[in-house]
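Right, one structure below, let's go through it.
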2 protein chains.
Amino acid sequence: MRQPVTIKDVAQAAGCGVASVSRVLNGTGPSSAELRKRVRDAVDELGFEFSEIGRSLQSSTTRTIGCVVPSLANPVFADAVQGAQETFQAAGYQTLLVCTNYDTESEVQVIRTLLAKQVDGFVLTVSDAASSDGLKSVQVREIPHCLLFNAAPENERSWSVDDRAAALTVAQAFKDEGHKQVGFLALKFKSSDRARLRYQGFVEGCAQYGIKEPALLEIDDDSENLTTLLQAFLERNPTLTGIFVSNDFLALATIRSARVLGLNVPADLSIVGFDGIEVGTMVEPSLATIVTDPKMLGSGAAETVLSIINGNRPPKQPEPDLSFSFRAGGSLAPPAAERTDGEKGATFSPSNNPPKKNAKIQLERSK
Amino acid sequence: MRQPVTIKDVAQAAGCGVASVSRVLNGTGPSSAELRKRVRDAVDELGFEFSEIGRSLQSSTTRTIGCVVPSLANPVFADAVQGAQETFQAAGYQTLLVCTNYDTESEVQVIRTLLAKQVDGFVLTVSDAASSDGLKSVQVREIPHCLLFNAAPENERSWSVDDRAAALTVAQAFKDEGHKQVGFLALKFKSSDRARLRYQGFVEGCAQYGIKEPALLEIDDDSENLTTLLQAFLERNPTLTGIFVSNDFLALATIRSARVLGLNVPADLSIVGFDGIEVGTMVEPSLATIVTDPKMLGSGAAETVLSIINGNRPPKQPEPDLSFSFRAGGSLAPPAAERTDGEKGATFSPSNNPPKKNAKIQLERSK
DNA sequence: CCCCCCTATGGAAACGTTTCCATACTGATA
DNA sequence: TATCAGTATGGAAACGTTTCCATAGGGGGG
């Protein structure tokens, strides 16, 4: 590695002072055409590029933003990060990304590290916004920041889905299909204020719609033995007809496990997810879920941070109750006992995009 | 934002010189117990933390790595980035992440920016390693780096799947099922050396196994109208019985489009994907695909960069032909005309995890 | 003709660290 | 007692920029 070509080398090669080089290259301050040429020639010859770190030291600004999320394995966060990163980049900022793996310990530590790196701002999804030490460090230093996916505590901004309201909607959907007893399944329940809010809203909604208080299944390890856990859960709650799963990915895994257990989704067990990832529309039956727009949220949080940095008014975010929508899908249907069409047990009945057996193209291809 | 507490403030508060503060805090050089206490007290009182940028200027090291990938929307890259990031973080390095959105223009530009930020190393997935200007900039500056997913040109290291060999395997799988004419579907074909290698290997494999040269369907826009394009493609190639799709996500979308067109997968059209994303095992029929381990690749590339930085021997990567495996799935089966079991047209026949209708749990729940 | 203002330029300070070097003190050895 | 080794400490340079300030020359207005 070699990169010892500094502004001084350019100045020497061009036969002028460093101040002149800086002025010419940055277009700040006057300079003669002749000097400009000499400087540019020297730059080309030496392949000079400014070092941002000298510049940062002087301007005490790094044009770098810290971005902290639990994981990229969940496409919700991947999309959000991408949205934030694009927005920042368009404004000339780079993004320093860290995943905490839902670990509170490392959450506070990485935030400290980013702080030491003198980032100009933060976009963060913390495990619990109300108690995060990492968030506190950011607050006391008064670094521009915005939460993402977290419920905003007092005096904080956050771009997020209204988890409680969304969960209410799910409860209503279960009610509309005639379910009387349902469950709630979440990963990392303890370390996520989002999962807690969803559960809370769901409990509330069930009460409101006359559904029995939902049974809670909380799993820690990464769905290694989801099938076993699900089986035990269903044996403990034999009259359950539906489960609200706190994210789509886990919901799909749950459907798979249900199948392994010989259950028909949705006839024996309805599943509703959360997030609205695209593959949910590609599977059979399609996944009923809460649709969100993570990329927009990430981008919005980024805009908010930029506005704080620039002293502008922060952008308006969508109304909380418009931050999500319910998407019907084949994985949610009336429980088998409730069915009126006698279809009980009809496994894999197509529930979206039903094949048109006689479609034009098939005829054409039949030879 | 306020953070004007520097080592000088600490020195003043502790009544000593800055050199002593540095020595005490970094544990370098001798110091008296009494001084140590005074310094630590001052630090606590002022809430001092080192600024990495002063340190970087002095040490000409940033403990920051540039990480460039096309997109995070594809879980393959998200996983790889996560793997790389974790490895770097464990070694005390932060990751500066940029997505190029498959745009060559911005690829070179962001690399320049990262270079100016004085990153200590790079992990990159470029659109075409053989011709990337961005990669060249990194090379001439002799910054430690490692490619990821790209085929390695001369004198370059890369952690990647052997795309060509994997595509050969796919061709063989099609042959084994009795397919005689197949197609290849890819997104961003032009701007990805990976897709090109897969195509090339597939063509080669088809020739080798006596399959007609595969028809190529290349789509640019994000599968907006995939169904229409697929329909036109199938009309142009009416005897096609299978398609190799260059990534799993697109493969799932293709299956959906095929269904919309009234086709039965796999009876009318077999699909094989590439990547091995987990949801491929959750859908019905399950997706036949090439399984890779992106997180491992990302982590490996990171290890390689670290070893270059530290002057160690780079880690050994898995043998090219062990970098992937074929996963059978319900989306690949003999073409309908070839079938011997008379099952033609049996839509949605379960192909994995077949429901055990009389499983214990179902009996228990039947009341 | 003097003064002032404008353009062009360079020197030097400042940003926050680390580290080299010098100084001062303490015992211990010769 | 003089010398030496070792510990404890502070001053100052260096890292690569930007920017303030000073200098210098030239032209125009009084």
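Side-chain atoms are counted along with the backbone in the values below, which use heavy atoms only and exclude waters and symmetry mates.
Between B:Arg55 and C:dT18 there is a side-chain N or O to OP1 or OP2 distance below 4.0 Å.
Formation of a donor-acceptor pair under 3.5 Å by the B:Gln317 side chain with backbone atoms of B:Ser158 is found in this model.
Rounded to a whole Å, the CG atom of B:Asn26 is 10 Å from the P atom of C:dT17. The CD-C1' distance, from B:Glu52 to C:dT17, rounds to 10 Å in whole Å. As a whole-Å value, the separation of B:Glu49 CD from C:dT17 P is 11 Å. Rounded to whole Å, atom C1' of C:dT17 lies 12 Å from atom CG of B:Leu25.
Inter-residue side-chain proximity for A:Leu147 and A:Arg157 is flagged as unmet; no heavy-atom pair is nearer than 4.5 Å. The closest side-chain heavy-atom distance from B:Phe88 to B:Val305 is below 4.5 Å.
Comment: A:Lys37 engages A:Asp41 in a salt bridge, judged by a side-chain N to carboxylate O separation of less than 4.0 angstrom. Salt-bridge annotation for B:Arg196 and B:Asp193: absent, with no side-chain N of the basic residue lying under 4.0 Å from a carboxylate O of the acidic one.
A:Ser51 comes within contact range of the sugar-phosphate backbone alone, with a heavy-atom separation under 4.0 Å but no base atom that close.
Residue B:Arg141 holds its CZ atom at 11.0 Å from CD1 of B:Ile111, rounded to the nearest 0.5 Å.
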Protein-to-nucleotide contact annotation, 5' to 3' order, nucleotides 4-15 of chain C [B base; S sugar-phosphate only; - none; under 4.0 Å, heavy atom]: ----BBBB--BB

